[in-house]
Number of protein chains: 2
Amino acid sequence: MNKKQLIAKLSGSLNLSKADAERTFDTITNTILDSLKGDDPVKIAGFGTYKVAKRKARVGRNPRTGEQIQIAASQKVKFLPAKALKEVFNK
Amino acid sequence: MNKKQLIAKLSGSLNLSKADAERTFDTITNTILDSLKGDDPVKIAGFGTYKVAKRKARVGRNPRTGEQIQIAASQKVKFLPAKALKEVFNK
DNA sequence: TTACTATATGCAAAAACTGCATACCCATTT
DNA sequence: AAATGGGTATGCAGTTTTTGCATATAGTAA
């Protein structure tokens, strides 16, 4: 399922136009991102937690040439599924 | 930020009652979950991809006792941030 | 058509995973 | 409003898993 299909489903379920459904969805993702930008994890009970994970610098490798490369420290968004979410897929 | 605070923010941004904001949000998470239950990854352009990762059974260890333990195969929801999302946190 | 994303490759190092007790934070209930 | 219950974070050790490097191509999406 891609974003377009998701928006179409939400449009039906929420009785909104597709434009409104998309605007609503984007508002939610932006709100989550804003919180993460402020380094504040977003905890959704029963679904999961979004947090920014800091990754240390390390030595990598160019797979094409085999040459070693220094990789800078970086940050990425992590999603940790809530307990309830794990159970759904392990019953 | 927890779910309650997120709902409050959305209520303001979307001009909805808190009850409606929560209903909207839950509809979205449920829609995503339903797709995942059907083993269909959900790809949100510019945000990320949710997919179900299957993990094989393996031998683990109880860190407290050092005792070896057989770990059953399981599944968990993975979120892979989109390129745009990574850039936000690495500029 | 233009933009994004998945894939494939080898390999080093970071990170996740396991059980479990404790502490903590949040939500619900009285 | 206060109390209680439940989900979540933490630390621990060692093994498994993931990550991420460059880059072109193929596929999908806007």
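What's counted below: heavy atoms across the whole structure, side chains too, no hydrogens, waters or symmetry copies. By convention in this document, chain letters (A, B, ...) are assigned in the order of the sequence lines, proteins followed by strands, and residues within each chain are numbered from 1.
With a 4.5 Å cut-off on side-chain heavy atoms, L33(A) and F47(B) count as touching. When side chains are defined from C-beta on, I69(B) does not count as touching V59(B), because their heavy atoms never get closer than 4.5 Å. At a threshold of 4.5 Å between non-hydrogen side-chain atoms, the residues K76(B) and V52(B) do not count as touching.
The CD atom of Q5(B) sits 8 Å away from the P atom of dA27(C) (whole-angstrom rounding). When rounded to the nearest whole Å, the span between CG of N2(B) and C1' of dT28(C) equals 14 Å. At whole-Å resolution of the value, CG in L80(A) and P in dC17(C) are 8 Å apart. The distance between atom NZ of K76(A) and atom P of dA14(C), rounded to the nearest whole Å, is 16 Å. Taking atom NZ of K86(A) as the reference point, atom P of dC17(C) lies 7 Å away to the nearest angstrom. Atom pair D40(A):CG and dC26(C):C1' shows a separation of 15 Å (rounding to whole Å applied). At whole-Å resolution of the value, CZ in F79(B) and C1' in dA15(C) are 18 Å apart. One interatomic measurement links the two molecules: CD of E22(A) to P of dA29(D), which rounds to 15 Å at whole-angstrom precision.
Distances shorter than 4.0 Å separate some side-chain N or O of K78(B) from OP1 or OP2 on dT19(D). Considering only side-chain N and O atoms, N62(B) lies nowhere under 4.0 angstrom from the phosphate OP1 or OP2 of dT18(C). Applying the 4.0 Å criterion to OP1 and OP2 of dG20(D), one finds that R55(A) has a side-chain N or O inside that range. At dT5(C), none of the side-chain N or O atoms of K83(B) fall inside 4.0 Å of OP1 or OP2 (strictly under the cut-off). Within the structure, every side-chain polar atom (N or O) of S74(A) is placed at least 4.0 Å from both OP1 and OP2 of dC21(D).
Residue contacts for T65(A): at a heavy-atom cut-off of 4.0 Å it reaches no nucleic acid atom on any strand shown. Residue contacts shown for K3(B) are absent, as no nucleic acid heavy atom lies under 4.0 Å away. Residue G46(B) is in sugar-phosphate contact alone, with no base atom involved, counting any heavy-atom pair closer than 4.0 Å across all strands shown.
Residues A57(B) and A45(B) each lie close to DNA chain D; by heavy-atom proximity, the contact nearer the 5' end of the strand is made by A57(B). DNA chain C is contacted by both K43(A) and R58(A); R58(A) maps to the nucleotide lying nearer its 5′ end (nearest heavy atom per residue). Take the nearest nucleotide of DNA chain C for I71(B) and for K54(A): the residue whose nucleotide is more 5' is K54(A).
Between F79(B) and Y50(A), the ring planes lie perpendicular to each other; the angle is over 60°, past the 30° to 60° tilted range.
Distances were taken from every side-chain heavy atom of A82(A) (C-beta onward) to each of dA22(D), dA30(D), dT8(D); the shortest belongs to dT8(D). Nearest nucleotide to the R61(A) side chain, out of dA21(C), dG10(C), dA27(C): dG10(C).
A side-chain contact (heavy atoms from CB on, under 4.5 Å) with I44(B) is found for exactly one of D26(A), L6(A), I7(A), namely L6(A).
Minimum interatomic distance between K54(B) and D39(B) (heavy atoms only, all atoms of both residues): NZ-OD1, 3.5 Å.
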